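A short worksheet on the structure shown next.
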Amino acid sequence: MKKEERLVTQITPKSEDFSRWYVDVIRRAELADYAPMKGMMVIRPYGYAIWENIQQLLDRRIKASGHVNAYFPLFIPESFLKKEMEHLKGFAPEVAWVTHGGQEELEERLAVRPTSEAIIGAMYSKWIQSWRDLPILINQWANVVRWEKVTRPFLRTTEFLWQEGHTAHATEEEAREETLKILNLYREFIETELAIPVVVGKKTSREKFAGALETYSVEALMSDGRALQMGTSHHLGQHFSRVFNIRFEDSNQNLQYVWQTSWGVSTRLIGAIIMSHGDDSGLRLPPHIAPIQVIIVPISIGRWKETVLPVAVDLERRLMAAKIRVKLDSREEYTPGWKFAEYEMRGVPLRLEIGPKDINQQQVVLVRRDNGEKLTTSMDNLEGKITNLLEEIQKNMFNQALEFQRRNTHDVDNYEDFKKIIEDRRGFIRAWWCGQETCEESIKEETAATIRVIPLEKVKEGKGNCVYCGQLASEYVYFARAY
RNA sequence: CGGGGAGUGGCGCAGCCUGGUUAGCGCGCCUGCCUUGGGAGCAGGAGGUCGUCGGUUCAAAUCCGAUCUCCCCGACCA
């Protein structure tokens, strides 16, 4: 959209200042607001509705793959957290502690969970005795607290909402299979429902979760060229089962430690939706998760209340019956033009305009948020047409994002190009890496880019020279500056 | 946590350097009239202990100190 045509003027243009644009969108679209405590935000109804849709669509998948939901305590005794040292070290700097109960000082401090491996591990040791008790496939929807130094709405807040899955298995193979199964579930969910293309793969040991054997992640490229980790799936090995003593007797009467996994996605996904799809006019929401999929704006001219409004009400009823999330904005105090701009900013995928002219012709005007296309269509089988159109918008948004990701993924074979691209254009950079942490570290220091993933699906076969040290390398990996 | 910038009605800002009596402007909000196919117009009106705490002074939005919060750039994380 050209500058002079911009109707949404309360938002800083994306090209001018991405960070301000991001915060403007969040506040103007009323997704969230800053709370009076550092790093904390209130998720407002419109933003929470998006989260509820995300929850619903993901929860369905989690359950369909054999998991069940449960709820564990918010507090974790310090001694539990201390059992796995690597885990403790990873989280210690950002744990909030409860030291008093009312006036009385506690015997033992309680951590406000930064994640629940410890408390869940402690419970699993009580629940698991036999191979017949396995696998345990539990998920919980919860809030966690991490005292981060730098915060940003949805991307990194002191408290955030997420789901965390925690499973226990009899064998390592089974645990690894579960880890990858969830990784794929996340990929499919994010691409299908959030319309965000991702790359999936394994984290380097430097980037893996504190206490995990292996960490896998789902990464996406935001429209400013920086990468965002959208979800992680960890193969925990037996680290936690050994310290929490989670043992079972197998069918050969041998006592064994279980193999575990944990995995999660958070309200950060909302940040990813904003940054992947948003434009200068504000949000663009994929239809699958949009709280309002269709906004009906009656054109209020003359005796519109007697002529236009009843038809609009009827259309709303019809679309609702067809399970479309529709809203009719019949407020008199705002002009149609104002409403057009307002719902564009809020990212509503489809606008339905209906005025006196349309009623004479038995038609409506539909305007797509994804590409601005305006089409006139008859009212016959409008439910069916809109249902199809929403699906088309969903797919188109994914394709637009995929096209962006492709254009901003660069294969490089020398460090000079690497530095130049990271500096000028950002995006994903794919290059050979020798596997040494020193190269990874040096690249990070010199370019601020990190290895996002070692992709599961090989991009290139064979071997090449490490982009940093030049030694023979067998991993072709994704680099990017990340959030 | 280091470097830079900023907090003034709901939002965006001016005023501060060079203290001075009723703290302005645009948008928004309220009332009325009139309008309504891309954020209408006119008239009237409400709303601010100038982030917070302390200090200097006859006098502080303005000067000094502390503190909190936000934004940007760097080291850690969903």
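Order of the sequence lines fixes the chain letters, A, B, ..., with proteins taken first and strands second; residue numbering starts at 1 for each chain. This one's a predicted model, so the numbers in the text were calculated from it and none came from an experiment.
Within the nucleic acid shown, A/T157 comes within 4.0 Å of at least one base atom, counting heavy atoms only.
Between A/Y186 and B/rA78, a side-chain N or O to OP1/OP2 separation shorter than 4.0 Å is absent.
Around CH2 of A/W147, the count of heavy atoms belonging to other residues, nucleotides or ligands within 6.0 Å does not exceed 12. Residue A/E86 places its CD atom among more than 12 non-hydrogen atoms of other residues, nucleotides or ligands, all under 6.0 Å distant.
Of the candidate nucleotides B/rC71, B/rC72, B/rA75, B/rC71 has the atom lying nearest to any side-chain atom of A/Y34. Distances from the side chain of A/S300 to the nucleotides B/rA78, B/rG37, B/rU36 place B/rU36 closest. When distances are taken from the side chain of A/K374 to each of B/rG38, B/rC71, B/rA78, the shortest belongs to B/rG38. For A/I299, counting side-chain heavy atoms from C-beta on, the closest listed nucleotide (B/rG37, B/rA78, B/rC1) is B/rG37. Side-chain proximity of A/T151 to B/rC72, B/rG37, B/rC70: nearest is B/rC70. Here the nucleotide nearest the side chain of A/W338, chosen from B/rG39, B/rG37, B/rA75, is B/rG39.
When Watson-Crick and G-U wobble pairs are counted only if both distances are under 3.5 Å, B/rU67 pairs with B/rG51. Judged by Watson-Crick or G-U wobble contacts below 3.5 Å, the nucleotide B/rU21 has no partner. If you check B/rG32 for Watson-Crick or wobble pairing at under 3.5 angstrom, you find it paired to B/rC42. Of the nucleotides present, none pairs with B/rC76 by Watson-Crick or G-U wobble criteria with both distances under 3.5 Å. Of the nucleotides present, none pairs with B/rA61 by Watson-Crick or G-U wobble criteria with both distances under 3.5 Å. B/rC27: Watson-Crick or G-U partner is B/rG10, with both key distances under 3.5 Å.
Put simply, the side chain of A/R351 and the base of B/rG38 share a donor and an acceptor less than 3.5 Å apart. No N or O donor and acceptor, one from the side chain of A/T335 and one from the base of B/rU36, sit under 3.5 Å apart.
Ring geometry, A/F209 versus A/H87: the interplanar angle falls from 30° to 60°, so the pair is classed tilted.
Residues from residues 204-224 of chain A that place a heavy atom under 4.0 Å from any atom of RNA chain B, listed by number: A/R206, A/F209.
Salt bridge absent: A/R284 and A/E344 never bring a charged side-chain N and a carboxylate O closer than 4.0 Å.
When each of A/T267 and A/K357 is assigned the nucleotide of RNA chain B with its nearest heavy atom, A/K357 is the one assigned upstream, toward the 5' end.
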